[in-house]
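Remember, predicted model here, so these are calculated numbers, not experimental data.
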Amino acid sequence: MLPHTMPHRAAIWNFIFGRLSLAAFPLGSNLEDRIVQFTFIGVVVIGVAILAAITKYRKWGYLWREWFTTVDHKKLGIMYMILGTVMLVRGFADAIMMRSQQAFAFGANMGYLPPHHFDQIFSAHGSIMIFFVAMAYIIGLMNYVMPLQIGSRDVAFPYLNNLGFWLTFGGVVLFMISLFVGDFSTAGWLGYPPVSELQQGPGVDYYIWGLQLSGVGSLLSGINFVVTILKMRAPGMTLMKMPVFTWTTLCTSGLIVVSFPFLTASLLMLSIDRYLGTHFFTSGMGGNLMLYINLIWVWGHPEVYILILPLFGVYSEIVPTFSKKPLFGYSSMVYATVAIMVLSYLVWLHHFFTMGSGPAVNSFFSLTTMLISIPTGVKIFNWLFTMYRGRVHLSVPMLWVLGFLFTFSLGGMTGVMLSVAPADFLLHNSLFLVAHFHNVIIGGVVFGIFAAINYWFPKAFGFKLNEFWGKVTFWCWFIGFWVAFGPLYIMGLMGVTRRLSHFTDMSLQKWEIAAWIGALIIFCGIAAFIIQIAVSIKDRKKLACGNDPWDGRTLEWSTSSPPPEYNFAFIPNVRDRDAWMDMKENGGDRRPMEGFNLIHMPKNTASGVVIAALGCICGFALTWFIWWLAIASFIGIFVAIIVHAFTYRSDHHIPAADVSHFEHTGNWNPEQQGVAA
């Protein structure tokens, strides 16, 4: 080969592949690469098995028609939940790796994870658990339940609902690719500069574009839910007759609409700093590091309440149902929810009390942080008073509620401790803060998610989840949490700082090993949950239940299980807060069996899948500086949006005969069912 041809070929290679090269793949023989290689093999084996099964049973057409292109809010809600479960396994695998490293990396033993790999793992763990586990579960729950609770046939913008899910899925794909191609960010789950600005390689860029995709998806969902609740409620359902879960969905969606643009803006400025050499956040170059910290936490603290508020709504549905009495203090519960929504915008600075904002600013945010505990306390007392003198049935959903009340209350108390600025100066960068955060997120959000799954699963699939494995899941999580994070509280009070991958003080090892054992117990809880799902599907005929297995109080229990595409053959008229219970008590629970009309519904669309796929390709291309692909995919996104905008046949009609057939039999008749344009 002639020497003068070498630069030419290198230029062609760089043009086609950008900075992507064989060095980006884990092909080495060291332990770090071996871990990634075995993980990759496992993912490939599982992926090939799933694809082979779909092909063998000829389900590709069914999945494309009924699921991938669906605009049905119920199916999208289920897909969000499945996505959250898959990412829970991925995110918890990171947690186990961290706990294993910290349990044994003492003294001369440096552990099995190099520092840069450990930093990638804890950065990925936080990002995945917040954006792709908690948010996926929560948006999935709101998607499935809220339209049924307000007596609506669908959400206001069905297409945006589909697009929002696939954009979130695109963000997941970018995060998963980072596990095998290149590195992930080492700048923590919030990507603080200057680390995120200065880090070379694709890690921070994977982080930025993955979160940008999922953030836009969440924003679309928030807009959708706000409009749906305000404009599509059943006749008679005034705001103060809405179920509390719907109220928490409205407040959560409002927070999403107002806060997620701050996330988008802060990540956009960070990406411009990295790609174009600007210095929004570089203190020595005219920027300000604290600008990023403020922007990200103006999103980040409302995000905490975006996570917990819908689960407050879940508890407010479960407690009255299993106490056999109306919710105590409905109005105060609504006002408390709105107060939390407003106050959540006035507390973000308590995340950086230690950064020199001054005593006046710290005092204001310390006071507002204490104030927000008041409406939260109101909710807890309302749930307790609802149970008082009620006929409490300790089914699996109620066990999760009781576990929440104990665990979350203690986590809230530690939060009040941290709201005192002088105490926060001592505890802020310690393991105490890590324990507190997980206390409220696991004790409030995760417990609520499992409660909701066990509560609404019969509505979605027509059979209950196995009680035994549900209780095993609960006790593993409940015990495992305290064994895992109780030692972190103790070490935090001893002054042990967070984010350490190695320790020199041997006296701490017993506490780290205890925390590791707790993580293993939680792992057993995740395994028990998966077993619960599998066993329940296997025994679904034995576990089959009616449309209203819990003697529910709200409108979703008035439909069939699972509900039809159109939700309600006749839109219900609401006269009371507990609309379905009111109908049962006053003889209005009998479903009409004649007089059905043609029902107008939105048509499925492939636009969401196409736009999200192009967005994912664009994010990957930007990460690796493959400029031609980034430009082509961006143009493709624009073209796909234009094409969809000119698609006029975006709806269909369900004939009255098909509606009548389903309402009488509970099944669609493929030979009878027709679709009239």
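Of the possible donor and acceptor atoms, none in the side chain of Gln102 sits under 3.5 Å from a partner among the backbone N and O of Ser100. A donor-acceptor pair under 3.5 Å links the side-chain atoms of Gln509 to the main chain of Ala103, judged by distance alone. The backbone N or O of Ser196 lies less than 3.5 Å from a partner atom in the side chain of Arg274, making a donor-acceptor pair. Without hydrogens or angle criteria, Gln101 side chain to Tyr112 main chain gives a donor-acceptor distance under 3.5 Å. With hydrogens and angles ignored, the 3.5 Å screen pairs no side-chain donor or acceptor of Thr282 with any backbone N or O of Gly284. The main-chain N or O of Gly77 is never found under 3.5 Å from a side-chain atom of Asn143 such that the two would form a donor-acceptor pair. Side chain of Asp424 to main chain of Val420: no donor-acceptor pair is present (N/O by atom type, distance under 3.5 Å, no hydrogens or angles). Within the 3.5 Å criterion, the main-chain N or O of Phe365 finds a donor-acceptor partner in the side chain of Thr368. A distance-only check finds a donor-acceptor pair linking the side chain of Thr376 to the backbone of Ile372 [under 3.5 Å]. Put simply, the side chain of Tyr137 never gets that close to the backbone of Phe132: no donor and acceptor are under 3.5 Å apart.
Other residues, nucleotides and ligands contribute over 12 non-hydrogen atoms within 6.0 Å of the CE atom of Met290. Atom OH of Tyr192 sits in a crowded spot, with more than 12 heavy atoms from other residues, nucleotides or ligands closer than 6.0 Å. Phe169 CZ: 12 or fewer foreign heavy atoms inside a 6.0 Å radius. Around NZ of Lys510, the count of heavy atoms belonging to other residues, nucleotides or ligands within 6.0 Å exceeds 12. No more than 12 heavy atoms of other residues, nucleotides or ligands shown are found within 6.0 angstrom of CZ on Phe40. Surrounding CH2 of Trp475 are at most 12 heavy atoms belonging to other residues, nucleotides or ligands under 6.0 Å away.
To the nearest 0.5 angstrom, Phe106 atom CZ is 8.0 Å from Ser507 atom OG. Rounded to the nearest 0.5 angstrom, Ile522 CD1 and Cys476 SG are separated by 9.5 Å. With rounding to the nearest 0.5 angstrom, the CZ atom of Phe406 is 5.5 Å from the CH2 atom of Trp482. With rounding to the nearest 0.5 angstrom, the CG atom of Leu167 is 6.0 Å from the CG atom of Leu213. The CD atom of Glu303 lies 9.5 Å from the CG atom of Leu255; values are rounded to the nearest 0.5 Å. A distance of 7.0 Å separates CG of Leu141 from CD1 of Ile453, quoted to the nearest 0.5 Å.
Ion pair Asp539/Lys464 not flagged as a salt bridge, since none of the NZ, NE, NH1 or NH2 atoms sits closer than 4.0 Å to an Asp/Glu carboxylate oxygen.
Side-chain N/O atoms of Glu467 and Asn454 include no donor and acceptor closer than 3.5 Å.
Residues Pro26 and Gln37 come closest through the heavy atom pair O-NE2, 2.8 Å. The shortest non-hydrogen separation linking Met370 to Ser419 is CG-OG, 3.4 Å. The heavy-atom pair separating Met494 from Trp511 by the smallest distance is SD-NE1, 4.5 Å. In terms of heavy atoms, Leu268 sits closest to Gln212 at N-NE2, 3.5 Å. Heavy-atom minimum distance, Ile138 versus Pro310: CG2-CG, 3.5 Å. Closest non-hydrogen pair, Phe312 versus Trp383, comes out as O-CZ2, 3.4 Å.
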Between Phe408 and Ile308, is a side-chain contact (heavy atoms from CB on, under 4.5 Å) present by the stated rule, with each step listed?
-> CA-CA 11 Å; Phe408 184 83; Ile308 193 61; 4.0 Å; yes
Start with the C-alpha gap between Phe450 and Trp477, add the side-chain angles, then the distance that decides, and say whether ring-ring contact (aromatic ring centres under 6.0 Å, His included) holds.
-> CA-CA 10 Å; Phe450 283 118; Trp477 271 93; 5.5 Å; yes
Begin from the C-alpha positions of Leu349 and Ser357 and carry the test side-chain contact (heavy atoms from CB on, under 4.5 Å) through to its verdict.
-> CA-CA 9 Å; Leu349 197 130; Ser357 300; 3.8 Å; yes
Evaluation steps, ring-ring contact (aromatic ring centres under 6.0 Å, His included), between Trp516 and Phe104 = CA-CA 10 Å; Trp516 175 66; Phe104 301 105; 5.1 Å; yes
Given the rule in the side-chain contact (heavy atoms from CB on, under 4.5 Å) test, do Ile272 and Tyr275 qualify, once you have shown the distances and angles that lead to the verdict?
-> CA-CA 5 Å; Ile272 293 174; Tyr275 283 81; over 6 Å; no
Evaluate side-chain contact (heavy atoms from CB on, under 4.5 Å) for Phe92 paired with His125, printing each intermediate quantity in order.
-> CA-CA 7 Å; Phe92 193 78; His125 169 74; 5.8 Å; no
Could you walk me through whether His350 and His301 pass ring-ring contact (aromatic ring centres under 6.0 Å, His included), step by step?
-> CA-CA 9 Å; His350 70 218; His301 200 84; 4.5 Å; yes
Derivation and outcome, ring-ring contact (aromatic ring centres under 6.0 Å, His included), residues Phe131 and Trp299 | CA-CA 13 Å; Phe131 289 97; Trp299 161 81; 5.4 Å; yes
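Two residues are said to be in side-chain contact when any heavy atoms from C-beta on lie closer than 4.5 Å; Asp94 and Arg90 meet this criterion. Side-chain contact between Pro487 and Glu512: absent, with no pair of heavy atoms (C-beta onward) separated by less than 4.5 Å. Side chains of Val89 and Ile530 form a contact here, defined as non-hydrogen atoms less than 4.5 Å apart. Considering only heavy atoms from C-beta on, Asn288 stays 4.5 Å or farther from Phe281 through its side chain. Within the 4.5 Å cutoff, no side-chain heavy atoms of Thr248 are placed close to those of Met142. Annotation: side chain of Met135 is in contact with side chain of Ser218 (closest heavy-atom distance under 4.5 Å). When side chains are defined from C-beta on, Val416 does not count as touching Thr369, because their heavy atoms never get closer than 4.5 Å. You'll find the side chain of Ser123 stays beyond 4.5 Å of the side chain of Trp189, heavy atoms only.
Ring geometry for Tyr207 versus Phe175: interplanar angle of 30 to 60°, hence tilted. Trp400 and Phe474 have perpendicular rings, their planes meeting at more than 60° on a 0 to 90° scale where under 30° would count as parallel. Aromatic ring pairs are classed by plane angle as parallel below 30°, tilted from 30° to 60° and perpendicular above 60°; the pair Phe620 and Trp624 is tilted.
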Side-chain donor-acceptor contacts of residues 435-449 below 3.5 Å, not counting sequence neighbours, with atom names and distances?
residue	atom	partner	partner atom	Å
His436	ND1	Gly411	O	3.1
His436	ND1	Thr414	OG1	2.9
His436	ND1	Gly415	N	3.4
His438	ND1	Val434	O	2.8
Asn439	OD1	Gly411	N	3.4
Asn439	OD1	Tyr489	OH	2.8
Asn439	ND2	Thr407	O	2.9

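Phe184 and Tyr206 have their aromatic ring centers separated by at least 6.0 angstrom.
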